[in-house]
Every structure is written in structure tokens, then in C-alpha cells.
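Take a look at the structure below.
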Amino acid sequence: MKTYYVTTPIYYVNDVPHIGHAYTSLSCDVLARFKRLDGYDVMFLSGTDEHGQKVAKSAASAGVDPQTFTDGVSENFRGLLDTLNISNDDFIRTTEERHIKSCQALWNDLLKRGELYLGKYAGWYAVRDEAYYGEDELTEGTGGKKIAPSGAECEWVEEPSYFFKLSAWGDRLLKFYDENPDFILPHTRRNEVISFVKSGMRDLSVSRTAITWGVPVPNEPKHVMYVWLDALTNYITALGYPDTQAEKYKKHWPANVHMVGKDILRFHAVYWPAFLMAAGLESPKRVFAHGWWTNEGQKISKSLGNVIDPYELLQTYGLDQTRYFLMREVPFGNDGDFSRSAMIRRINSDLANGIGNLAQRSLSQIAKNCGGVVPKRGAFTEADQNLLGSAQGLLASVRQEMDVQAFHKALDRLWAVIAQADRYVDEQAPWALKKTDIARMETVLYVLAETLRYLGVLLLPFMPDSANALLDQLAVPAAERNFAYLTEKYALKSGTPLSAPQGIFPRYVEPVA
Ligand code: ME8
């Protein structure tokens, strides 16, 4: 069986979940659902990143011990996934025993292979990024503060530390990128990574002695692991590492896609493959770095008080509407701007007037004029065949877009067929045929219903509830709601009783203040 492994980053539990977390998780969910419907054995992983200085600090300012703190916040992230209808197969927490064992096993292996050595770190560290920076990367902020390229404030750190021999892996990483041109997508980001590696890398500090909230380094009571070595390992922990003969590991490693925001690409595309190669393990097949959302043109930040609460979006606009907007509005990989007006425009033009209206006008005519059953199909005209041909061609073209995570383009393809179906209804005018040629009217409505079946099944990954509501109204059996059934052989059967049509996408009307 074909397999597919997709992961979200594991989220820091220092904060409440926001639109960025929702976005990354949603993109993975759409991929995972698509691949399941396409016959793959899918593993979809999400979780929380619970160690490190940043989380320890948040726990301290909340006045609770880190474990109690992380237990609470981790639940919020789990809750967000449920509310967004995310279909992850596992949820990993880095404080779990299975993960601590896995990190320690990887550590021991790297040590045994001579990839780690004990030294002393003296340099800059940004707690917000949990990242080390070289002097040359920093700029001067107010009061002489050192600022990382991300905007995070850095502090000077001096401590005994283990190092990973990252400097030795530059050439092998470059060779790996060269041999795997689609390892980093989008390609613009790939170039950034390659120039970072080409500029020469220092060895990486991978243990800390100034903090205690982390995975203990084996046989070194004063050291805990650097939080990124700990965090990245989650992707193999969940497959059963260190047991590389475990069924899940054999089936799903290397991962097909690690989905990440552009802010954490370096960790996934440089450090992670280097750790893996050094341990003699395979590197993932792809890291996709998506862009960042701004809010009405402004950078999202807690200090500006403009953080977008995903729960509020769902409540105001609806779950599937929000899922659709996030996947459609911005070319996946680019930065994007959230605005209420853009959200409302998408809901009203693409959903209510687009797929919603097409379904409603087709199904209500069937209910009124065809006795509430799937209409009788006569011989197909060229116009019928054109529309059905486009619907049948969708799977191949949508699949191609999904294989490069071009969600917006996949949706464009679907909406092109919706537009074609709208033109078809206008041209065929089944309401006029009702008076002149009932048999032809039935065929036209049949063609529309069958086109809606294709659209409904292909919309399942994006808007599972609404697409299922559409397929319910077409009486498509649950077992036939997957891509194997998108052929003529499983076309709707004339005479099948249909339930009374119900609107799927209402227009959004701004509440009166
Ligand atoms: O970085 N727009 O966790 P994190 C889009 N624990 N996406 C955004 C965003 C925005 N404005 N803000 C955040 C970590 N994100 C580490 C990961 S993985 C081994 C460890 C998303 O809680 C984006 O996906 O800071 C980003 O990569 C992720 O949230 C960072 O989450």
C-alpha cells in the first residue's frame, strides 16, 4: 500500500494557540485527508514542544511548575485541533516517556559515532527563538541590545556544553539538496538555505547547563538537551524510534512532508538532516515552508494586541468557511494578509454564490421537477460531455497541485469547473426545457448532479462537513466518498431518492451593530 507521512511543527506551549498554528495544522490536515481519499496509508502527526528556556520562563511567570503548566497549555493545542476538525493520527508531547527515551537513544548513538564532543559555549542566544546566533547576524537595538534577524532579543550565554559537529556536514548537505531539488519548497526558500550552508557553519551547541527543564543528557547530570535537538526528534519518536524495525517506522520513515512556517526552516532543512545523516538515518523527503499571516496589513504581535484568535474566526464565519479562506486566499508559500473584508468576499462570492448556489439551483430543480429522485439520463450532447469531461479530469489535475502543496491552485481548478457548470446551466436553461422537452431537462439536471458528485468528493479534504452535506443530498453512499469512485462506473443512478435540498453555504451578512 502507498504510504504518506505528514507532520506539523510541535508547538511551544508558552502561549495560547493563534491563527498561525491553525494555518499550519490545517494545511497538513488537507494533505492528510486528500492522501487518505487517494488510497494512501496516512500517518499525520501533531503535538507540543514542552521543554526549553522559553517554556520554563512562561511557567515561572504563571507561578506554576513547568509540568503542571505544560499539561494545561498542551490541552489547549489539542482542543484547537479538535475544533478545527483536524484528523491527526497521533499527538505527541515532548515530556512523554516515549520521547525522552527516543532522544536519549539518538544522543547515545551520535556520541558513539563521534559526532558530539564536550566544550564550552560562549555566545549569543535568543530565548524567544531558542536559537544561537553569531555576532555577525545581529543588529544593535535600543539601549545597545543585541537583536536577532527575527527581531528577538539575544542574551550572552557562557556555559559548558556538548557540541554537534555540524561544520563537518556542509558539503554533504549541499550534495543532498542538489540530489533532491524538491526537498525544500518553495524554491525561493531553498536558495536561502543553500546560501546559509555555503557561508560555512559552526558546530552547534546541543546541550545546556544553565537550565534544567529539558531531556536529561545520559550520564551527564548537569546537562539537558538543547530544545531543538529534543523537538526535531519527535518526528521519529512517534514512529517508534529507536526501534527502527518497528512497523510504523518501516512504513512511514522518511516523512513525506514536514510542514513548517518560514521562521523555522533552518532547523528543519539544515540541522535535522544533519542530525539524521550523522546517525545513519534517512532524511525526510520534503520540508515545505509556508508564509506568515499579517492582520489587516500589520505584523501580528501580542504587544500590538492584534493576535487573531482562531476560535473567534470559527464562531463568526463558520468552520468550513474559515478552512476554505485560509487555504484559498493566499498562494501557499507566500505571506498573506488577513482582513475581514477579504474573508467576507470569499464567503459570499466563492462559497454562497459559487458552489452553494450551483448546488442549490440544481438540487431544488431536481426536487421540484424530477420527483425528488436522481433524474433520468438520456443521450449526452457535446455540451454535457464537455462538462462531465472537465469534472472527470479534475482528480488528475488537483492531485498534481496537491503533490506540490499548491492548495490555492487545487481550489482554483475546482472553481473553474464550478464556473463552467454555471455557464452550462445558463446555456441549457433547464427551467425553459421544463415547458418544451422534459427528457432533455432531466438529462441536463442529471449532468449537473453528477458534476456535483465529483466536486463534493474533491472538496472533502478542504471542507469535510460541508462536502459531506452535499454528498448526503446527492445520496452518495458513505463507502463511495473517495477518489477510487470518481469514475463513470460509479455515476449517480437515476431514480435514487434524494432528500429535500438544503442550502450549504449561507451568505455572510454583517451583523447590525
Ligand atoms: O517554532 N503566520 O513552535 P511555535 C503563519 N516549537 N504561521 C505562523 C504564524 C503566523 N503569523 N505564527 C506562527 C516552534 N506560525 C517550535 C517548533 S518543530 C520540531 C518545533 C506557525 O509554537 C508556523 O508554522 O513557535 C510556525 O512555524 C509555527 O507556528 C511555530 O510555532
Side-chain angles (χ1 to χ4, degrees), residues 6-29 45-56 58 70 73-74 76-77 80-81 84 86 91-95 99 102-103 106 126-131 148 150-152 189 214-215 225-238 255 257-273 275-276 284 287-302 304 306-310 313 325-327 329-338 405:
V6 53
T7 64
T8 73
I10 46 172
Y11 302 109
Y12 284 128
V13 289
N14 65 313
D15 208 350
V16 291
H18 61 69
I19 191 176
H21 306 120
Y23 184 54
T24 318
S25 303
L26 175 60
S27 63
C28 294
D29 183 57
L45 179 69
S46 188
T48 41
D49 189 354
E50 308 193 0
H51 290 127
Q53 195 169 357
K54 169 149 111 169
V55 172
S58 298
T70 56
V73 188
S74 179
N76 296 343
F77 279 90
L80 177 70
L81 297 184
L84 287 168
I86 302 293
F91 185 93
I92 189 165
R93 298 183 53 191
T94 55
T95 47
H99 181 65
S102 162
C103 290
L106 181 63
V127 178
R128 198 181 88 189
D129 301 345
E130 296 281 18
S150 62
R189 304 245 184 257
V215 176
M225 284 182 208
Y226 171 43
V227 68
W228 271 100
L229 173 58
D230 159 355
L232 289 160
T233 305
N234 93 87
Y235 301 130
I236 52 176
T237 300
V257 187
H258 291 316
M259 187 65 77
V260 299
K262 63 178 185 180
D263 53 322
I264 55 172
L265 179 59
R266 190 186 287 186
F267 301 96
H268 284 81
V270 181
Y271 301 166
W272 183 224
F275 294 152
L276 289 164
V287 178
F288 193 106
H290 68 64
W292 270 46
W293 286 89
T294 50
N295 185 0
E296 311 278 352
Q298 270 189 321
K299 187 175 179 300
I300 296 176
S301 88
K302 262 203 286 195
L304 289 171
N306 65 349
V307 174
I308 302 172
D309 171 7
L313 288 186
F325 175 82
L326 292 176
M327 290 295 100
E329 181 65 7
V330 175
F332 199 70
N334 292 5
D335 289 336
D337 185 41
F338 175 85
Q405 289 74 48

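Indexing begins at 1, ligand by ligand and atom by atom, following the structure's order.
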Numbered atoms and elements of ligand 1 in range of His18, under 4.0 angstrom, heavy atoms:
9 (C), 12 (N), 13 (C)
Residue of the set Asp263, Asp335, Asp337 for which side chain to side chain donor-acceptor pair (under 3.5 Å) holds with Trp292
Asp263
Applying a 4.0 Å heavy-atom criterion (strictly less than), which segment of Ile19 is in contact with ligand 1: side chain, backbone, both, or neither?
neither
Is any side-chain N of the basic residue among Lys54 and Glu130 closer than 4.0 Å to the acidic one's carboxylate O?
no
Over 60° means perpendicular and under 30° means parallel, so classify the ring planes of Tyr271 and Phe275, tilted if in between.
tilted
Under 3.5 Å donor-acceptor, Asp49 side chain and Ala231 backbone
no
Among protein heavy atoms, which lies nearest atom 3 (O) of ligand 1, and at what distance?
Tyr12 CD1, 3.3 Å
Filtering Ile10, Ile300, Asp335, Ile264 for the heavy atom nearest atom 16 (C) of ligand 1 leaves Ile10
Got the closest protein heavy atom to atom 2 (N) of ligand 1, with its distance?
Trp293 N, 3.0 Å
What do you reckon, does Lys262 put a non-hydrogen atom under 4.0 Å from ligand 1?
no
How far is atom 29 (O) of ligand 1 from its nearest protein heavy atom, and which residue and atom is that?
His21 CD2, 3.7 Å
Going by the angle between their ring planes, with limits at 30° and 60°, are Phe77 and His21 parallel, tilted or perpendicular?
perpendicular
Taking a cutoff of less than 4.0 Å between a non-hydrogen atom of the residue and any ligand atom, is Glu130 in contact with ligand 1?
no
Show which atoms of ligand 1 fall inside a sub-4.0 Å distance from at least one heavy-atom site of Ala231.
19 (C)
Answer yes if the side chains of His99 and Thr94 hold a donor-acceptor pair under 3.5 Å, and no otherwise.
no
Looking at Asn306 and Lys299, would you say the former's side chain and the latter's main chain have a donor-acceptor pair under 3.5 Å?
yes
Quick check on contacts: which atoms of ligand 1 are under 4.0 angstrom from a heavy atom of Thr24?
21 (C), 23 (C), 24 (O)
Could you check whether any side-chain heavy atom of Tyr226 comes within less than 4.5 Å of a side-chain heavy atom of His51, counting everything from C-beta outward?
no
With a 4.5 Å heavy-atom cut-off, do Tyr235 and Pro284 have their side chains touching?
no
Just checking, is any N or O donor in the side chain of Tyr11 or Ser25 under 3.5 Å from an acceptor N or O on the other one?
yes
For atom 8 (C) of ligand 1, the protein heavy atom that lies nearest, with its residue and separation:
Gly20 CA, 3.3 Å
Out of curiosity, Phe288 CZ to His258 NE2, how far, rounded to the nearest 0.5 Å?
15.0 Å
Which segment of Phe267 sits under 4.0 Å of ligand 1 when only heavy atoms are counted
neither
With atoms numbered from 1 as shown, which atoms in ligand 1 lie under 4.0 angstrom from a non-hydrogen atom of Asp49?
6 (N), 16 (C), 20 (C)
Closest non-hydrogen protein atom to atom 28 (C) of ligand 1, residue and atom name please, with distance?
Tyr11 CE2, 4.1 Å
For ligand 1, which atoms, with element, lie under 4.0 Å from some heavy atom of Tyr235?
18 (S), 19 (C)
Is His290 touching ligand 1 with its side chain, its backbone, both, or neither, if touching means heavy atoms under 4.0 Å apart?
side chain
For atom 5 (C) of ligand 1, which candidate among Gly291, Pro9, Ala289, Gly336 holds the nearest heavy atom?
Gly291
What protein heavy atom is closest to atom 26 (C) of ligand 1, reported as residue, atom name and distance in Å?
Asp263 OD1, 3.4 Å
